[in-house]
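Scroll down for the structure; my scribbles are underneath it.
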Amino acid sequence: MGDRSEPVTGERLGTDLLGNLPSEVRKPAYDRAKLRPGIAHIGVGAFHRCHQAEYTDDLLAEHFDRWGLVGINIRPPLLADTLGRQAGLYTRLIRQNDEVEARVIGSIVRVVDSQDSAAPALEVLSSPDIEMVTMTVTEKGYCHIPSSGALDLDHPDIVHDLANPQAPRSVPGILASALELRMASHGRPVTLLSCDNIPTNGAILGNVVRAIADRRGNGLADWIETNVAFPSAMVDRIAPATTKADINTVEQRFGYRDSTVVVGERFRQWVIEDRFAGRTPRWDRVGATFVDDVTPFEHLKMRVLNGAQTTLSYLGVLGGFEHTSDAIADPLLATFVRRMLTEETLPTLMPVPGISPSAYVEQSLARLTNTAIRHRNHQIATDGSQKIVQRLLNPIRARLAMGQSIALLSVPVAGWMAYLVKASARFARAWQVSDPFAGRIAAIADRIGADSEQLADTILAIDAIFDPALAANDAFRANVIAGLDGLLSDNPMAFVRRVCAEPTDARLKRPARSA
Ligand code: CS2
């Protein structure tokens with residue numbers, strides 16, 4: 001397989017092109033023809049292609065084994081026409097300001113579209129070849145109640161799946177049915193590994209799958225206890241939705257077409273709880289870390305990196321900034337987010353083995369300044385109701401328990417509310433939003449209008465997001481009201497400036513109303 005220095009113009013990426021790619025594009029360093037499936041992944045989006053599939057590609061190059069990935073989508077987009085047409089091959093670009101580094105990843109051996117019916121997914125997930133099932137199905141894919149972690153038995157897909165175990169629609173329903181098929185056929189153990197940013201993701205996945213299994217009443221729950229593991233994991237790499245410009249970059253720089261390009265930053269991290277069933281891909285040989293307890297890592301990542309992203313997304317949209325890197329380039333927002341993290345978030349963290357929390361804050365903020373990562377604030381703002389518990393409300397609760405101030409962390413909580421309120425008809429639909437609670441909050445805003453106190457009280461009463469003890473806390477309520485006042489005003493950034501001008505005081509106090 002000789003490298004050609006002249007790029008081949010316009011040809012689509014696929015097995016035939018692998019030997020003819022320009023030399024600066026790194027290729028799979030193993031024989032793909034010998035690769036057999038061992039891992040199934042549900043939710044083949046940009047993040048998976050930039051993260052778990054790359055780690056697996058590294059593992060196959062280092063220590064070739066039967067760990068090919070079968071990529072399954074149970075929601076749009078269809079995979080057959082994109083990755084499928086390219087034999088699972090795709091280009092992963094690392095972009096750091098002006099630098100571009102390209103690599104073709106080969107670990108995905110097969111793709112399966114299971115959007116119309118669960119049958120294709122169930123066939124793969126129940127196969128004896130599959131011993132590891134990973135998933136990135138977004139926070140809301142678990143159908144849990146964010147404030148408690150329990151399965152939402154009123155969720156329409158769960159209601160459907162409990163009545164129709166043969167034709168499940170939800171992730172928990174599909175997994176429970178796949179485990180049932182495994183139990184009834186070969187009985188081989190399997191690990192179900194969540195790679196989503198929900199707290200104690202393994203525990204939540206275990207809860208929702210077991211809650212369905214319990215209701216089947218056929219021994220499935222007992223079989224799961226001995227044969228299935230649900231480790232928790234912390235995953236990290238910023239990999240926004242791919243744009244047309246990214247696809248053009250590959251064609252212009254490297255001379256071939258690839259409709260499934262993904263773009264990520266250089267930084268990556270994967271910390272996995274060392275609790276598996278069946279054989280396990282040794283991702284720890286290629287940079288992942290297996291640990292006894294993921295909790296300190298998970299708190300650090302979700303409260304610092306994700307907390308900063310969420311904060312910059314809401315304040316960024318309200319301030320008129322398009323991307324994370326635009327928002328953090330604004331000195332006021334940069335100051336606000338650094339102060340929030342160092343003064344309020346850091347004291348809530350547990351000691352994290354091998355990591356200095358303050359260095360981690362600086363590293364995280366530096367990652368967000370990367371101008372080549374075009375991460376839209378509206379993308380991060382999506383599904384905020386499923387994100388703010390772990391990113392903002394849990395550190396707020398920890399601080400309240402210690403009697404410490406929450407003046408800064410409350411601002412992005414009000415930011416999330418203001419973002420959804422301003423999407424309502426009453427507020428002239430300032431922008432389009434996507435959040436399971438968007439309709440409910442728009443209805444509240446249409447009814448109440450700009451009265452911050454009433455808005456805050458009505459939204460804080462949504463107990464699927466705000467646990468009642470937190471919603472009833474006077475200081476929290478007062479801060480949210482002040483935040484809504486400021487952020488719904490004509491000059492939201494002036495409010496952020498006022499908050500930043502307040503003297504630092506770690507003690508809990510109620511804000512003065514400006515109105
Ligand atoms: C982002 C995450 O869209 C979002 O919610 O905050 O996807 C974030 O980029 C990743 O968690 C980084 O690892």
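Residue indices begin at 1 and follow the sequence shown. Please read all numbers here as calculations on a predicted model, not as lab measurements. First listed ligand is number 1; within each ligand, the first listed atom is number 1.
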Salt bridge check, Arg391 against Glu139: does any charged N sit closer than 4.0 Å to a carboxylate O? yes
Return the orientation label for the Tyr419 and Trp431 ring planes: parallel under 30°, perpendicular over 60°, tilted otherwise. parallel
Any idea how His144 and Tyr142 line up, ring-wise: parallel (<30°), tilted (30 to 60°), or perpendicular (>60°)? perpendicular
To the nearest 0.5 Å, atom OG of Ser170 lies from atom CD1 of Ile212 at 5.0 Å
Partner set under side chain to side chain contact (heavy atoms under 4.5 Å, CB included) for Pro412, not counting sequence neighbours: Thr311, Phe336, Met340, Leu392
Polar pairs, ligand 1 vs protein, N/O only, below 3.5 Å.
unit_1   : atom_1 : unit_2 : atom_2 : d
ligand 1 : 5 (O)  : Lys387 : NZ     : 2.8
ligand 1 : 5 (O)  : Arg391 : NH1    : 3.3
ligand 1 : 5 (O)  : Arg391 : NH2    : 3.0
ligand 1 : 6 (O)  : Gln309 : OE1    : 2.7
ligand 1 : 6 (O)  : Arg391 : NH1    : 3.1
ligand 1 : 6 (O)  : Arg391 : NH2    : 3.4
ligand 1 : 9 (O)  : Gln309 : NE2    : 3.0
ligand 1 : 11 (O) : Asn197 : ND2    : 2.8
ligand 1 : 11 (O) : Lys301 : NZ     : 2.7
ligand 1 : 11 (O) : Asn306 : ND2    : 3.1
ligand 1 : 13 (O) : Asp236 : OD1    : 2.5
ligand 1 : 13 (O) : Arg237 : N      : 3.0
ligand 1 : 13 (O) : Arg237 : O      : 3.4
ligand 1 : 13 (O) : Lys301 : NZ     : 3.2

Please work out whether the ring planes of His48 and His41 are parallel, tilted or perpendicular, with thresholds of 30° and 60°. parallel
